[in-house]
Engineer: 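Questions regarding the structure given below will be posed in turn.
The structure displayed is predicted, hence computed values, not measured ones. The figures here come from the full heavy-atom set of this structure, side chains too, leaving out hydrogens, waters and symmetry mates. For this chain, numbers begin at 1 and follow the sequence in order.
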Amino acid sequence: MFAQMCAPAKPCQKGCPNTYHVPDTVRVKGVTCATYSSWLERQALNCKHRDPVGCRQGIEVYRAAINAAVVRSAGFDEYTGEPLEWNRLNQAMPEGVGRRRHRIRGRYPSVDHYQGLGVVQYRICSGTVNAAKGALDHQQFVAMCRRVVAPHAHWGTGDAGAGNCQPRS
């Protein structure tokens, strides 16, 4: 996708109790298997609780889907192609509310409901991208991004009127 996939991650140590081992693309950022497993568990629980009650599945389904998304992402934001700051999993979750929280999150890895709630299909992206995407599905998000960019196509061209966005008729 955005980078070459690595060989599958090897078990961390002999006797590692974790079902899902940290992928090599994340391991090289200094993330241990224990840290990755703890993050994966929190994300799986969060995704399960966000889904409508009638659509919820067993926690193992969420773990497997999120781990598959991490492996597929190869450590990059699946929307922007930018590298994610996996090393920040070793730190406390960014605190704060509203805009401040999202600014602090930056490229902290986040799990996105790719097709919306109730569908166990995920993409890995930055906290900032996930906050911007909100509850939109992939097609709606891409369409919204195109609408935002279209009136600003002249930005950076030296046009004195740059930034004077005109309403569409």
Engineer: State yes or no: do Y36 and V28 share one hydrophobic cluster built from I, L, V, M, F, W and Y residues joined by side-chain heavy-atom distances below 4.5 Å, directly or via other members?
Structural biologist: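 No; V28 is not reachable from Y36 via cluster members.
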Engineer: Please list, chain by chain and in numerical order, all residues satisfying ring pair (Phe, Tyr, Trp, His ring centres under 6.0 Å) with Y122, sequence neighbours excluded.
Structural biologist: H113
Engineer: Quick check: does any side chain N or O of S37 sit under 3.5 Å from a backbone N or O of C33, one acting as donor and the other as acceptor?
Structural biologist: yes
Engineer: Could you tell me whether a side-chain N or O of D24 sits under 3.5 Å from a main-chain N or O of R27, the two making a donor and an acceptor?
Structural biologist: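 Pair absent, no side-chain N/O of D24 close to backbone of R27.
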Engineer: What closest approach, in Å, do G75 and T25 show between heavy atoms, and which atom pair accounts for it?
Structural biologist: N-OG1, 3.9 Å
Engineer: Working to the nearest 0.5 Å, report the span between OG1 of T128 and CZ of R107.
Structural biologist: 9.5 Å
Engineer: Using 0.5 Å steps for rounding, measure from the SG atom of C47 to the CD1 atom of I66.
Structural biologist: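 With rounding to 0.5 Å, SG (C47) is 4.0 Å from CD1 (I66).
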Engineer: Ignoring hydrogens and geometry beyond distance, is a side-chain donor-acceptor pair present between T35 and T32 at under 3.5 Å?
Structural biologist: yes
Engineer: Between D51 and Y62, is the side chain to side chain donor-acceptor pair (under 3.5 Å) condition met? List the steps.
Structural biologist: CA-CA 11 Å; D51 279 350; Y62 292 91; 2.8 Å; yes
Engineer: Could you check whether any side-chain N or O of D77 sits under 3.5 Å from a backbone N or O of V129, counting only pairs where one atom can act as donor and the other as acceptor?
Structural biologist: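 Side chain of D77 to backbone of V129: no pair is present.
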Engineer: Can you check whether E85 reaches Y108 side chain to side chain, under 4.5 Å on heavy atoms?
Structural biologist: no
Engineer: Show, in sequence, the C-alpha distance, side-chain angles and deciding distance for Y79 and H138, and conclude whether the ring-ring contact (aromatic ring centres under 6.0 Å, His included) test is met.
Structural biologist: CA-CA 9 Å; Y79 291 103; H138 178 74; 5.6 Å; yes
Engineer: Where is the tightest heavy-atom contact between A65 and V120, given as atom of each residue plus distance?
Structural biologist: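 A65 and V120 have their closest heavy atoms at CB-CG1, 3.5 Å.
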Engineer: Are V70 and L45 connected in the hydrophobic side-chain network, where two residues link if heavy atoms are under 4.5 Å apart?
Structural biologist: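 No; L45 is not reachable from V70 via cluster members.
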Engineer: Supply the atom-to-atom distance L84 CG to C125 SG, rounded to the nearest 0.5 angstrom.
Structural biologist: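 Between L84 CG and C125 SG, I get 7.5 Å after rounding to 0.5 Å.
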Engineer: Atom NZ in K133, atom CZ in R123: separation rounded to 0.5 Å?
Structural biologist: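 Rounded to the nearest 0.5 Å, the NZ-CZ separation comes to 9.5 Å.
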Engineer: Got Y20 and V71 here, is their nearest side-chain heavy-atom distance under 4.5 Å?
Structural biologist: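 No - every pair of side-chain heavy atoms lies 4.5 Å or more apart.
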Engineer: About how many Å separate CD1 of I124 and OG of S73, when rounded to the nearest 0.5 Å?
Structural biologist: 5.5 Å
Engineer: Would S126 and E82 satisfy side-chain contact (heavy atoms from CB on, under 4.5 Å), going step by step from the backbone distance to the final call?
Structural biologist: CA-CA 9 Å; S126 72; E82 296 175 318; 5.6 Å; no
Engineer: So which pairs with a foot in residues 58-71 pass salt bridge (Lys or Arg N to Asp or Glu O under 4.0 Å), sequence neighbours left out?
Structural biologist: E41-R63, E60-R63
Engineer: Nearest 0.5 angstrom please: F76 CZ to W86 CH2, how far?
Structural biologist: 12.0 Å
Engineer: Does the side-chain contact (heavy atoms from CB on, under 4.5 Å) test come out yes or no for Q140 and D137, once each step is laid out?
Structural biologist: CA-CA 5 Å; Q140 292 169 328; D137 69 24; 3.3 Å; yes
Engineer: On a heavy-atom basis, which atom in N67 and which in H21 lie closest, and how many Å separate them?
Structural biologist: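 Looking at all heavy atoms of both residues, the shortest contact is OD1-O, 4.3 Å.
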Engineer: Specify the closest pair of heavy atoms between A69 and E78, including all atoms of both residues, with the distance to one decimal.
Structural biologist: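 Taking every non-hydrogen atom into account, O-OE2, 3.7 Å.
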